[in-house]
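Heads up: the structure comes next, in structure tokens.
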Amino acid sequence: MTSENPFAKFREECETALAYALKTTFPEVEADTLSLSKPPNVDFGQLASSLCFELAKKLKQKPIPLAERLVSAMPKSGFSLVSKVVAAGAGYVNFYADFPKFSDLALSSVRQLNFEYGFVKTGDPVKVIVEHTSVNPLHPIHIGQARNPMLGDALARILEYRGHAVSRHYYIDDVGRQSSVVAYGYLKLGKPKPDEKADRFVGEIYTVTCCLVELNRLKRELELAKTASLSEEVPKINKELAEWTSIAAELEEKFPTLFAKLLTKIGEDENPEEEINRLNRAYEDGEPEAKSLIREVSELCIQGFRETQQRVEVRYDSWDWESDFVWSDQVSKVLQKLKTSPFVYTEGGVLEFDAEKVVCDLDLKGKLGLRENYEVPPLTLVRADGTTLYTTRDVAYTLWKFDRADRVVNVIGMEQSLAQLQLKIALYALGNSDYADNFFHFAYNLITLPGYKMSSRRGRYITFDEVLDEAVERAFEEVSKRSPQLSQEEKREIANFVGIGAVRYALVDVDPSKPVIFTWDRVLDFETNSAPYVQYTHARACSILRKADRKPENADFGLLKEKLERELVLAVASFPDTFIEATEYLKPNLIADFANALADRFNTFYNALPVIKAESQELSDARLALTDAVRIVIHNALNLIGVVAPEKM
RNA sequence: GGGCGGGUAGCUCAGCACGGAUAGAGCAUCACCCUCCUAAGGUGGGGGUCGUGGGUUCGAAUCCCACCCCGCCCGCCA
């Protein structure tokens, strides 16, 4: 007998029995919930109900006698997984699993379903677009942004395993002034070929160009302020100038040739800022020269992104260019439609979207979880010069997504919560409330550095690549120390999946809403509650199975009587529940926590009880089956968060 | 000023959606465990006003209200 969700089967039996007992004992009572939950301790059984505490209130009696009456009214037959039901504590009803049968069910199920075990399919499969990463093509992905692809990829994986048709999208934000800045610098340099990783190369051009353009602008502003007798502005400008001058000194030291070249070339232009603005307008207008230039730099940078993503095994199904939405009529169509709604007005030459009016007219405050007295700020849709803004374009992009999917999940930092809310409200305003209801902003908090704020404009960041390099290097030292007998090649391979796994795990493990202060120690952890710990546990299980070198054909699961063994069976049997919860509530961190907890239990078991050298062949086989199940479940859990489950390390 | 998120052991975090039995891990620290299946491991000790104050409840880290601290947002930036 097998089950795709062994623990749920046990729970169903408990529910049926409890509901029956309740109905026969207290037919007059209406209970909306049976209040079943996992007790804190195996001594209290595998499931417990606190129903009697609520009954006590309704019936004005003490809980424990009620619990006893329920227990005596339990059906005497029909159980296959429940061994006994007991009234305990102040009034709990505790259900105990019949472990010989339950272990058999759980371990056989894992064995049979193998690498599909745990991935219970949804009854309502839909098409989902997960947009994640979407780092601007201006510089390498830095560690502050790396949380995004790690979470986004894990989300895409769990939704896919849940049975949804998932498409992973990268939104390339190439429209906007910054893209013109980097393209301008690139052009001034004579469109050079990169002599290093392409995104790094582009990032250097971006930072130095930014700095030089900023200095130029500030100097002109200073002159203007002096002559126009705006003397109160002078100290403020001087302060900014001093800051950028020191950044310039930093950059000149780091990239002397690049800096000198750009300094000369940009110096040739009277007003670089104006050149950049012109390029920006030309790009939005779709002029061929601007198009080819900006696309060329962007592509270059994206080439670097692809290399990084390959390293961490993150892939995308679609790369969507923001500029495509501007050049086609999709943005203007959205604007046309919004203009005919009563939610748009013009003020000072700009087009504004009255999100508050939408929320009031359509009575959305409760639905959106907003306070009654909170006013949603308006959103500017179109600038005075007729160009559109980021969120406006994002509305067109979102409609495009809903042409291709039933549900949209945007993995975007929480600093964009308001913009994402306004976007959602715009969908309601356009009459697409079904879209709006299926539009989810998966928000996560920032990763910061302890000393200073990361700033790509100032060239102050630690790149994701650097973190990965360091992780792999430290893992290599670790492998060399622990397994000196391995060949260089083996060590390198292990160091790679250990280092990268450690980073992936560390970025997925913490609750996304928590802010993270980046430290090397935090990400490059090789001890308990890290990917290497879980990986090691997996390798350890593999090693036992390898050494045993036989199929556990004579297993007697009734012999698994130790508390440690039963806890392991329970954990393995509960994986489908954890998977479903992680998927339905979009909580990939639950998977990491589960994997770690399972590894913990297995290591305790490993240290306490012999598997191969157990007292009898039947017990040994039962423990081997248990070890095999743990191996499979750890493999499946790690797979969901994109971490390699190695057979050796 | 308004909104959102966070505040749990010296440090990093879990638990909070759905209130239940002694609030859990890891790091650090102290003491142990490799003639034994991988010690990236295990065992044990010490360490807590769950930000503060009220409230609801038989029962609150969890729900409600007020306040405090930290971060982010409130742009014709993205």
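Chain letters run A, B, ... following the sequence lines, proteins first and then strands; every chain starts at 1.
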Among the candidates [options], find the nucleotide nearest to the side-chain atoms of [X].
X	options	value
A:Y533	B:rA39, B:rC4, B:rG42	B:rG42
A:D511	B:rA21, B:rG7, B:rG15	B:rG15
A:T604	B:rG5, B:rG42, B:rC4	B:rG42
A:L590	B:rG42, B:rG15, B:rU12	B:rG15
A:K547	B:rG42, B:rG6, B:rC37	B:rC37
A:Y585	B:rC18, B:rG42, B:rA39	B:rC18
A:Y536	B:rA21, B:rG6, B:rA39	B:rA39
A:F526	B:rA40, B:rA14, B:rC37	B:rA40

Whole-Å distance separating the [atom1] atom of [X] from the [atom2] atom of [N]:
X	N	atom1	atom2	answer
A:N373	B:rC74	CG	P	20 Å
A:Y606	B:rC33	OH	C1'	13 Å
A:D525	B:rA40	CG	C1'	10 Å
A:R11	B:rC18	CZ	C1'	13 Å
A:R522	B:rC11	CZ	P	14 Å
A:F353	B:rG75	CZ	P	16 Å
A:Y444	B:rG6	OH	P	17 Å
A:K58	B:rC58	NZ	C1'	15 Å

Identified pairing partner of [N], criterion: Watson-Crick or G-U wobble below 3.5 Å:
N	result
B:rU35	none
B:rG26	B:rC11
B:rA61	none
B:rG1	B:rC74

Does a side-chain N or O from [X] land closer than 4.0 Å to OP1 or OP2 of [N], or not?
X	N	value
A:K60	B:rC58	no
A:R546	B:rU38	no
A:K587	B:rA17	no
A:K57	B:rG59	no
A:R482	B:rA40	yes
A:R540	B:rA39	yes
A:T528	B:rG41	yes

Contact class for [X] vs. all strands (heavy atom < 4.0 Å): base, sugar-phosphate, or nothing?
X	value
A:S513	sugar-phosphate
A:N603	sugar-phosphate
A:A48	base
A:R393	sugar-phosphate
A:L609	base
A:E477	nothing
A:K648	base
A:G349	nothing
A:E584	nothing

Is the NZ or CZ atom of [X] both under 6.0 Å from the centre of the six-membered ring of [Y] and within 45° of that ring's axis?
X	Y	value
A:K38	A:F7	yes
A:K424	A:F440	yes
A:R540	A:Y606	yes

Problem set entry | Nearest atoms (heavy-atom pairs only) where A:G152 meets A:V411 | CA-CG2, 3.9 Å

Taking [M] as the reference, what is the distance to [N] when you measure between their [atom1] atoms (whole Å, please)?
N	M	atom1	value
B:rG48	B:rG24	P	14 Å
B:rG51	B:rA40	C1'	37 Å
B:rC13	B:rU52	C1'	23 Å
B:rC65	B:rG5	P	12 Å
B:rU62	B:rG19	P	12 Å

Exercise. Do other residues, nucleotides or ligands put more than 12 heavy atoms under 6.0 Å from A:E647 CD?
Worked result: no

Exercise. Are more than 12 heavy atoms from other residues, nucleotides or ligands located less than 6.0 Å from atom NZ of A:K365?
Worked result: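 More than 12 heavy atoms, drawn from other residues, nucleotides or ligands, come within 6.0 Å of this atom.
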
Would you call [X]-[Y] a salt bridge at under 4.0 Å N-O?
X	Y	answer
A:R11	A:D577	yes
A:R623	A:E565	yes
A:D385	A:R281	no
A:E214	A:R217	yes

Exercise. Planes under 30° and centres closer than 5.5 Å, is that true for A:Y374 with the base of B:rG2?
Worked result: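 Here A:Y374 fails the 5.5 Å or the 30° condition.
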
For this session: Specify whether A:Y170 and A:W319 have parallel, tilted or perpendicular ring planes, treating 30° as the upper limit for parallel and 60° as the lower limit for perpendicular.
Result: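 The rings of A:Y170 and A:W319 lie parallel, inter-plane angle below 30°.
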
Going by modelled atom types, is there a donor-acceptor pair between the base of [N] and the side chain of [X] at under 3.5 Å?
X	N	value
A:N41	B:rU22	yes
A:N94	B:rA21	yes
A:E527	B:rA28	no

Problem set entry | Interface with RNA chain B, restricted to residues 412-422 of chain A and to heavy atoms under 4.0 Å | A:M414, A:E415, A:Q416, A:L418, A:A419

Exercise. Do any of residues 375-387 of chain A sit with a heavy atom less than 4.0 Å from RNA chain B, and if so which?
Worked result: A:P377, A:T380, A:R383, A:A384

Problem set entry | A:R631 side chain to A:T537 side chain, donor-acceptor N/O pair below 3.5 angstrom |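 Absent: no donor and acceptor within the cut-off.
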
Problem set entry | Test item: side-chain donor near acceptor, A:T388 and A:R393, under 3.5 Å |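 Yes.
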
Exercise. Any idea if B:rC13 is syn or anti, going by the 90°-from-0 cut?
Worked result: anti

Exercise. Between A:N94 and A:A48, is there a donor-acceptor pair closer than 3.5 Å when you use the side chain of the first and the backbone of the second?
Worked result: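 Flag not set: sc A:N94 to bb A:A48 has no pair under 3.5 Å.
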
